[in-house]
Amino acid sequence: MEYVGGGELFDFVADTGKFSEKVSRTYFHQMMNGLHYLHQKGYAHRDIKPENIVLSQLFILKIADFGFSCQIKGKDNTGILHTKLGTEGYMAPEIANKKYEGKNVDIFASGVILFIMFAGNPPFEKATPNDPYYKLIKEKRYDIFWKAHCRKRPAGFFSDSFKDLFVRLVAFEPSERLKIEEIASHPWVREPICTHAEIKE
């Protein structure tokens, strides 16, 4: 196995604070590249969270801990997975019903991680209709959601393109979430990313 000696993404955010928008975008690119490769090989991770995203000693993002991963096609080849698992704050809402698609739940979790990288805190406690923040996402009351998260931040902290990307990554209905190919062409994702020298600095 490859040795990854840089540490967990969780620790970087906890110790150094939130990332700039450009650094967040750079690592989101790398995370999407890793997920795309994994999905193309026919597997879903099912436990994407900052503790399972690690950085190499060269500060390159790696996806780790495949203990909950499984084949996307499922045991019955229908593509529907039934095991309720993951980490609560990153679990897509449909996992509770034990009927979900692996790609969709990985995309959902990546959206939560993107928010944490850029904002420095989670967007909601858990994706249930009872969670006051996620309830706003489910009901598409986005203005109130963003107003709540902007209370102690400078005006314009969340750009319109970031807001659009985030809510489409964590949509309540899995069919409304962006696919990885659509993510790659999203305006926010297509903005500049860091060079390796900038990341190292």
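Just so you know, these numbers use all the heavy atoms, side chains as well, and skip hydrogens, waters and symmetry mates.
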Student: Do Phe59 and Leu61 belong to the same hydrophobic cluster, where Ile, Leu, Val, Met, Phe, Trp and Tyr are linked whenever their side-chain heavy atoms lie under 4.5 Å apart, directly or via other members?
Tutor: yes

Student: Give a yes or no on whether Glu125 atom CD has more than 12 heavy-atom contacts from other residues, nucleotides or ligands under 6.0 Å away.
Tutor: no

Student: Just verifying a value: how many Å separate Ile180 CD1 and Met31 CE, rounded to the nearest 0.5 Å?
Tutor: 10.0 Å

Student: Restricting to non-hydrogen atoms, name the atom on Asn104 and the atom on Pro174 that form the minimum distance, rounded to 0.1 Å.
Tutor: ND2-CB, 3.5 Å

Student: Using side-chain heavy atoms (C-beta onward) and a distance below 4.5 Å, is Phe28 in contact with Ile183?
Tutor: yes

Student: Go through His29 and Thr26 one step at a time and tell me if the side chain to side chain contact (heavy atoms under 4.5 Å, CB included) criterion holds.
Tutor: CA-CA 5 Å; His29 269 238; Thr26 303; 5.7 Å; no

Student: Where do Arg46 and Asp106 come nearest, in terms of heavy atoms and distance?
Tutor: N-OD1, 2.9 Å

Student: If two hydrophobic side chains count as joined below 4.5 Å and joins carry through other members, does Val23 share a cluster with Val13?
Tutor: yes

Student: Hey, are the side chains of His36 and Asn33 touching, using non-hydrogen atoms and a 4.5 Å cut-off?
Tutor: no

Student: Roughly how far, to the nearest 0.5 Å, is CG of Leu35 from CD of Gln40?
Tutor: 11.5 Å

Student: Show which side-chain atoms of residues 164-171 pair as donor or acceptor with protein atoms under 3.5 Å away, not counting sequence neighbours.
Tutor:
unit_1: Asp164; atom_1: OD2; unit_2: Arg168; atom_2: NH1; d: 3.2
unit_1: Asp164; atom_1: OD2; unit_2: His186; atom_2: NE2; d: 2.7

Student: Please set out all donor-acceptor pairs under 3.5 angstrom arising from side-chain atoms of residues 63-71, sequence neighbours excluded.
Tutor:
unit_1: Asp65; atom_1: OD1; unit_2: Gly67; atom_2: N; d: 3.2
unit_1: Ser69; atom_1: OG; unit_2: Phe66; atom_2: O; d: 2.7

Student: Provide the full list of side-chain hydrogen bond (donor to acceptor under 3.5 Å, both in side chains) pairs with a residue in residues 7-21, sequence neighbours left out, each pair given once.
Tutor: Glu21-Trp188

Student: Report the distance from atom OG of Ser175 to atom CD of Glu101, rounding to the nearest 0.5 Å.
Tutor: 9.5 Å

Student: With sequence neighbours left out, what residues match Pro93 under side chain to side chain contact (heavy atoms under 4.5 Å, CB included)?
Tutor: Phe108, Ala127, Tyr134, Phe172, Arg177

Student: Which residues pass the side-chain hydrogen bond (donor to acceptor under 3.5 Å, both in side chains) test with Asn97, not counting sequence neighbours?
Tutor: none

Student: According to ring pair (Phe, Tyr, Trp, His ring centres under 6.0 Å), who are the partners of Phe118, at least two apart in sequence or on a separate chain?
Tutor: Phe157, Phe158, Phe162

Student: For residues Val112 and Gly89, report the shortest heavy-atom separation together with the two atoms involved.
Tutor: CG1-O, 3.9 Å

Student: For Glu176, give me all partners under side-chain hydrogen bond (donor to acceptor under 3.5 Å, both in side chains), at least two apart in sequence or on another chain.
Tutor: Lys140

Student: Please identify which of these residues, Ile113, Ile53, Leu55, Leu114, meets the side chain to side chain contact (heavy atoms under 4.5 Å, CB included) condition with Tyr27.
Tutor: Leu55

Student: Tell me every residue that passes salt bridge (charged side-chain N to carboxylate O under 4.0 Å, His left out) with Glu2, counting only those two or more places apart in sequence or in another chain.
Tutor: Lys62

Student: For residues Leu178 and Met117: do they belong to one hydrophobic cluster (side chain heavy atoms under 4.5 Å, members Ile, Leu, Val, Met, Phe, Trp, Tyr)?
Tutor: yes

Student: On a heavy-atom basis, which atom in Ile48 and which in Ser110 lie closest, and how many Å separate them?
Tutor: CG2-N, 4.3 Å

Student: Of all heavy-atom pairs between Ser161 and Glu191, which one has the smallest distance, and what is that distance?
Tutor: OG-OE2, 3.5 Å

Student: Are the side chains of Val189 and Met32 in contact, using a 4.5 Å heavy-atom criterion?
Tutor: no

Student: With clusters built from Ile, Leu, Val, Met, Phe, Trp and Tyr whose side-chain heavy atoms come within less than 4.5 Å, directly or transitively, what are the remaining members of the cluster of Val54, listed by chain and number?
Tutor: Val4

Student: Indicate, with yes or no, if Phe115 and Ile107 share a hydrophobic cluster defined by side-chain heavy-atom contacts under 4.5 Å among Ile, Leu, Val, Met, Phe, Trp and Tyr.
Tutor: yes

Student: More than 12 heavy atoms of other residues, nucleotides or ligands under 6.0 Å from CD of Glu88: is that the case?
Tutor: no

Student: Please determine whether the number of non-hydrogen atoms from other residues, nucleotides or ligands lying under 6.0 Å from atom NZ of Lys163 exceeds 12.
Tutor: yes

Student: Provide the closest heavy-atom pair for Pro192 versus Lys22 in the form atom of the first, atom of the second, distance.
Tutor: O-CG, 3.7 Å

Student: My understanding is that only residues two or more places apart in sequence, or in another chain, count here; which of them pass salt bridge (charged side-chain N to carboxylate O under 4.0 Å, His left out) with Asp131?
Tutor: none

Student: If you measure from CG on Leu81 to NZ on Lys103, what distance do you get to the nearest 0.5 Å?
Tutor: 12.0 Å

Student: Less than 3.5 Å apart, any donor N or O on the side chain of Asn130 or Thr128 sitting next to an acceptor on the other?
Tutor: no

Student: Under a 4.5 Å side-chain heavy-atom rule over Ile, Leu, Val, Met, Phe, Trp and Tyr, are Ile95 and Ile80 clustered together?
Tutor: no

Student: Please output the side-chain donor-acceptor pairs of residues 141-150 that fall under 3.5 Å, not counting sequence neighbours, one pair per line with the distance.
Tutor:
unit_1: Arg141; atom_1: NH1; unit_2: Glu139; atom_2: OE1; d: 2.8
unit_1: His149; atom_1: NE2; unit_2: Pro123; atom_2: O; d: 2.9

Student: Going by the ring-ring contact (aromatic ring centres under 6.0 Å, His included) test, which pairs reach into residues 74-107, not counting sequence neighbours?
Tutor: none

Student: May I ask you to check whether over 12 heavy atoms, not counting those of Glu181, lie within 6.0 Å of atom CD?
Tutor: yes

Student: Do other residues, nucleotides or ligands put more than 12 heavy atoms under 6.0 Å from the CZ atom of Arg190?
Tutor: no

